[in-house]
There are 2 protein chains.
Amino acid sequence: MEKHVTIKDIAKELNTSVSTVSKALNEKYFDINPETRQRVLKAAREMGYRPNPIARKLQQGRSYNIGVIVPEFLDTFFPEVIFNIQKRLIKEGYQVVVMSSDESFETELENLKTLEDNMVDGLIISLTRETKNIDYINKIIDRGMPVVLFNRVNPSIRSPKVIFDDFKWSHFATEHLILQGYRNIYHFSLPYHLAMSQKRIQGFKSALKKYRIPFTEEHIIETGISIEEGQEAMKRLLDRDIVPGAVFAAGDKVAIGAIKELKRRGYKIPDQIGVMGFTESALAEIIEPNLTSVNQPTDKIADKIVELLLDSINDNGKAKIGEFLIGGTLNVRESSRVMASDPKRT
Amino acid sequence: MEKHVTIKDIAKELNTSVSTVSKALNEKYFDINPETRQRVLKAAREMGYRPNPIARKLQQGRSYNIGVIVPEFLDTFFPEVIFNIQKRLIKEGYQVVVMSSDESFETELENLKTLEDNMVDGLIISLTRETKNIDYINKIIDRGMPVVLFNRVNPSIRSPKVIFDDFKWSHFATEHLILQGYRNIYHFSLPYHLAMSQKRIQGFKSALKKYRIPFTEEHIIETGISIEEGQEAMKRLLDRDIVPGAVFAAGDKVAIGAIKELKRRGYKIPDQIGVMGFTESALAEIIEPNLTSVNQPTDKIADKIVELLLDSINDNGKAKIGEFLIGGTLNVRESSRVMASDPKRT
DNA sequence: CTGTTAGCGCTTTCAC
DNA sequence: GTGAAAGCGCTAACAG
C-alpha cells in the first residue's frame, strides 16, 4: 500500500523546503523562480502528488465544497434541482455534497452539523415537512455561513430564499380551468402547514374572485402528497355525493390519485370533470388522460440558488435576505382541454 | 461571529492541558480521574464544544463518512437505493455523502478523487454508462479503500459487487409471457454494452429454449433507456409490418414507450399483444394498462451493499471479491394478463 | 527568490 | 492521573 505523497516528500526529493514546494504548487505566488516551479511541478507529477484537501481545510477553513440538504429525493423534483445545481457549481470549481433528511427534523439537524463541521463553504437547504424550529439554521447563518434556502422555506430564516411563485401560478392554473368553462372547482391542497400550500390556496381563491365565482371553504380540501392520498380524498368526496366540476390538485401525484378514482367510477375526463395538477412530473404524460399541470423549471431554480449562494460567499455575508420568485409554465394537456383556445401560458 | 470552541479553550478555562481534555472527551481512555472527566464534560457542554472532524480526520485518517457515487439520480432506482443505504449506515454511526457522475466518466473520476482525498472510510459505486477504464478504481482498492460496487458493475474490478439476478428474472419474465400463451416475443434490450443487458438477453433466450420456441436474432432489438427510445423502437418495428405477439422490454420506460405506440395504432393490450417491463418503477401502475414488470428490491440491495462494505471496513481489505445476486419479484398486471393463472412469483 | 517557523484542532506517546 | 511535545499536511508570515 503505497504511502500518500506529501509536499514534504517532494521537498526532500528536491532538496528544498516545504514552503517553496507549497508556493510552487500554488498559482497565486509569483515570488518564485520559474525554473524552481517547473522542477517542483515535474517532481509532483512524477511522484503522483495529490494535495490533501483535509489539511488544506484545516489550515484555511475553506473547502470548496457546497453542502446540499433536501428533505427527500425519491420524487423527481429534488434530484432534478440538485443535478442542475451540481452542474453549475462544478464549473465554478466547487464540489457538491448531498444529504437527505428523509423528512425528519432530527436528521436535518444532524446533516446541518455534519456539513458545518466539515467546513463546507456554503449550504443549500430545503426544509423537511417537520421543521418548525429554525434556531439552529439562523445560528449557523449568524456565524457567517452562506446559506440559501429553496422550495421548502421558512420566512424567519435570515437568508435568501428561492421559491416558486405559487400564488401566481396557482391563480393561472385556476383561471385556466375557469376559462375552459369549468365551475364548481375543488382544490386538493397539500398539507396546510406548508407555506406553499397556503400560497396555492390564495392563488386559487384569487382566481375565483376575479371571475366572481362563488366560493365556500368546502371547496378546499387538505390532502397529502401521494397518489393514494389523492385517490382517498376523491373517494371521500364522491362518497358524499359531491361531484366536482373540476379538481385542481396542488400536486401531480394527488391529481393522479383523483383521476384514478374518477376513472374507476366511470366519469369522463375532461368532458364531465376537468383535472389539473401542479409541480409537473414525468407522470403527467403517462397517466391517461395526460395531465394538465404547472411546470416548475428546475434549471432556473438552480440558477438562482447558485447565483445567490456565490454572491453570499463572495460578498461575505451581505446576503440579500428575502424571497426570490421563480415563474413556471402551464402545460395544458388532455385532462382539462375542452376548447382549443386558452393558449399555453409562460 | 463567535469563534468555534476548541479543546484548547476548554483547557484554558479549566487550567488544565489539552491532552487531558482530549482524553476526558474520548471514552476509550481510562487513566483519567473520573472527576476531571466530569469537569471537562461539563465545561464542554456549557461552552458549546463540538469536535472538529476535519482535524480528527487529518490526525487519524478516518472520517466516519461513506461516499456514494451513482451515475444519475433522476430516475427512482438510485435515489431509492441511496435512501436505504443512508438509513442503514446512519444507524452504524456513518454519514453518507452522495455524488452524481451524470453518466460522465470524467465526472466519475473527479468524484472518486474528491471522496478519496476527503478520506471517506468506504466507497459505494455504480458506474456510468461510459466507464470502460477501471484502472483508477482498482488503484484505490489496492491502496486499501473498502469499495462495494452495485448495479452497474465491471467484472474486472477487485471488489464485491451487488447485482440483480438479471439472468434469472429475465428468464422468469419471458417464461411468464410464454405461459400466458404469447409467442413471437420480441426483446427490447437496453444498450448492449451494459453487462446487465447481456444477462437479460441470455435469460430471454434461455426461457425460449426451455419451451422450444424458435428464435432468431431478429427478435432482439437494441434500444435505449427512455420512453422515447422505446416508442421509437416500436414504431420502427411496426413500420416494417412486424407485429409482435408480445414485447419484453428490459426497462419500464422502454416498455411504456412501446405501449404508447401500440395504443396509438389501436392495438389492444394485452389481448392482441402482451407487454412486460423490467426494473419496476412507479410508472408501472400509472400507465394503462398497468404494466407487468420485475421489481428490484432496493432495500435488499442496500442491505447487501452495506453488509459487504462494513465487512470490508472491519476485516480490513479481506473483501470478498465477487458477485452477490439479489432476487426480485414478478408483478403481474394487466399488460400481460391473459389467463388468471401463473401466480405471482417471488 | 528561498527557507525557517508557527499554527490550524486534534490524538498519542512518553515523561513525570 | 496529568501534562509537555510531536505530528497529521498544508499555508503564511517573516527573515534572510
Side-chain angles (χ1 to χ4, degrees), chain A residues 1-41 43-44 47-65 113-114 116-121 144, chain B residues 1-41 43-44 47-65 113-114 116-119 121:
Chain A
M1 180 157 137
E2 43 179 308
K3 220 185 121 259
H4 214 256
V5 181
T6 73
I7 53 171
K8 217 176 186 172
D9 299 326
I10 301 182
K12 208 181 296 167
E13 179 72 21
L14 261 43
N15 273 318
T16 180
S17 72
V18 287
S19 55
T20 302
V21 174
S22 173
K23 279 182 199 159
L25 255 23
N26 270 289
E27 301 279 328
K28 64 181 169 188
Y29 293 96
F30 294 101
D31 57 341
I32 192 158
N33 190 325
E35 249 177 54
T36 317
R37 168 160 284 159
Q38 288 317 314
R39 278 177 51 228
V40 171
L41 257 29
M47 299 172 70
Y49 169 77
R50 278 223 321 282
N52 180 336
I54 304 275
R56 187 183 265 145
K57 274 184 231 193
L58 182 58
Q59 157 68 21
Q60 317 203 13
R62 175 126 216 236
S63 68
Y64 276 97
N65 275 179
K113 289 182 179 170
T114 304
E116 188 193 10
D117 289 346
N118 279 281
M119 298 182 178
V120 293
D121 295 349
Chain B
M1 178 157 137
E2 44 182 306
K3 222 187 119 256
H4 214 255
V5 181
T6 72
I7 52 171
K8 217 176 186 172
D9 299 326
I10 302 181
K12 209 180 296 167
E13 180 72 21
L14 261 44
N15 273 318
T16 178
S17 72
V18 287
S19 51
T20 303
V21 174
S22 173
K23 279 179 201 160
L25 256 22
N26 269 291
E27 302 280 328
K28 64 181 168 187
Y29 292 95
F30 295 101
D31 56 342
I32 193 157
N33 190 326
E35 252 176 51
T36 316
R37 168 161 282 159
Q38 287 316 314
R39 278 176 52 228
V40 170
L41 256 29
M47 300 172 69
Y49 169 77
R50 278 223 318 282
N52 180 335
I54 303 276
R56 188 182 265 145
K57 274 184 231 192
L58 183 57
Q59 159 69 25
Q60 323 203 24
R62 174 126 216 237
S63 69
Y64 276 98
N65 276 178
K113 288 181 180 170
T114 303
E116 188 193 11
D117 290 346
N118 279 280
M119 298 181 177
D121 295 349

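Keep in mind that the numbers below use all heavy atoms, side chains included, and drop hydrogens, waters and symmetry copies. Every chain is numbered from 1, with letters handed out A, B, ... down the list of sequences.
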Within the 3.5 Å criterion, strictly below it, is a donor on B/Lys57 or B/Asn118 matched to an acceptor on the partner's side chain? no
Options C/dT11, D/dT11, C/dC14, nucleotide nearest the side-chain atoms of B/Asn26: C/dT11
NA contact type, B/Lys57, heavy-atom cut-off 4.0 Å: base, sugar-phosphate, or nothing? nothing
Tell me: CZ of B/Arg37 to P of D/dT2, nearest whole Å? 10 Å
Does D/dA12 have OP1 or OP2 sitting under 4.0 Å from an N or O in the side chain of A/Tyr29? yes
Checking contacts here: which listed nucleotide (C/dC1, D/dA12, D/dG1) is nearest the side-chain heavy atoms of A/Asn33? C/dC1
B/Ile7 has its side chain closest, among D/dG1, C/dT11, C/dC14, to C/dT11
Spacing of CD1 belonging to A/Ile10 relative to CZ belonging to A/Arg39, to within rounding of 0.5 Å: 12.0 Å
Residue B/Thr20, side-chain heavy atoms: nucleotide from D/dC10, D/dG3, C/dT2 that is nearest: D/dG3
Using a distance-only criterion (donor-acceptor N/O pair, under 3.5 Å, no hydrogens), is the base of D/dA4 paired with the side chain of B/Ser17? no
Please classify the nucleic acid contact of B/Leu58 as base, sugar-phosphate, or nothing, using heavy-atom distances under 4.0 Å. base
Rounded to whole angstroms, how far apart are NZ on A/Lys23 and P on D/dA12? 10 Å
A/Arg56 CZ to A/Ser22 OG distance, which is reported to the nearest 0.5 Å: 8.5 Å
Provide, to the nearest angstrom, the distance between the CD1 atom belonging to A/Ile10 and the C1' atom belonging to D/dC10. 12 Å
Whole-Å distance between C/dC8 P and B/His4 NE2? 15 Å
Check every atom of C/dG9, D/dC10, D/dT2 against the side chain of B/Asn52 and return the nucleotide holding the closest atom. C/dG9
Give me the atom names and distance for the closest heavy-atom approach of A/Val18 to A/Ala11. N-CB, 3.8 Å
Considering only D/dG9, C/dC10, C/dT11, which nucleotide approaches the side chain of B/Thr6 most closely? C/dC10
Between D/dT11, D/dT2, C/dT11, spot the one nearest the side chain of B/Ile32, thanks. D/dT2
Please confirm whether the shortest side-chain N or O distance from A/Arg56 to OP1 or OP2 of D/dG9 is below 4.0 Å. no
Out of C/dT2, D/dT2, C/dT12, minimum distance to the side chain of B/Thr36 belongs to D/dT2
Could you state the interatomic distance from OG1 (B/Thr20) to CG (B/Asn15), rounded to the nearest 0.5 Å? 11.5 Å
From A/Asp9 CG over to A/Met47 CE, what is the distance, rounded to the nearest 0.5 angstrom? 5.0 Å
Closest of D/dG9, C/dT11, C/dC1 to the A/Gln59 side chain is D/dG9
The residue, B/Asp31 or A/Lys28, whose nearest nucleotide of DNA chain D is more 5′ is B/Asp31
Using a cut-off of less than 4.0 Å, is there contact between a side-chain N or O of B/Tyr49 and OP1 or OP2 of C/dC10? yes
Tell me the interatomic distance from B/Phe30, atom CZ, to D/dG1, atom C1', rounded to whole angstroms. 15 Å
What is the distance, rounded to the nearest whole Å, between atom CG of B/Asp117 and atom P of D/dC8? 18 Å
Which nucleotide wins on minimum distance to the side chain of B/Val18, given the candidates D/dC10, C/dG3, C/dT11? C/dT11
Starting from the 5' end of DNA chain D, give me the residue, B/Met119 or B/Asn15, whose nearest nucleotide shows up first. B/Asn15
Using whole Å, report how far CD of B/Glu27 lies from C1' of C/dT11. 16 Å
For A/Arg50 and A/Val5, indicate whether the former's side chain and the latter's backbone hold a donor-acceptor pair under 3.5 Å. no
To the nearest angstrom, how far is A/Gln60 atom CD from C/dG7 atom P? 18 Å
Does A/Ser19 get its side chain close enough to the base of C/dT2, under 3.5 Å, for a donor-acceptor pair? no
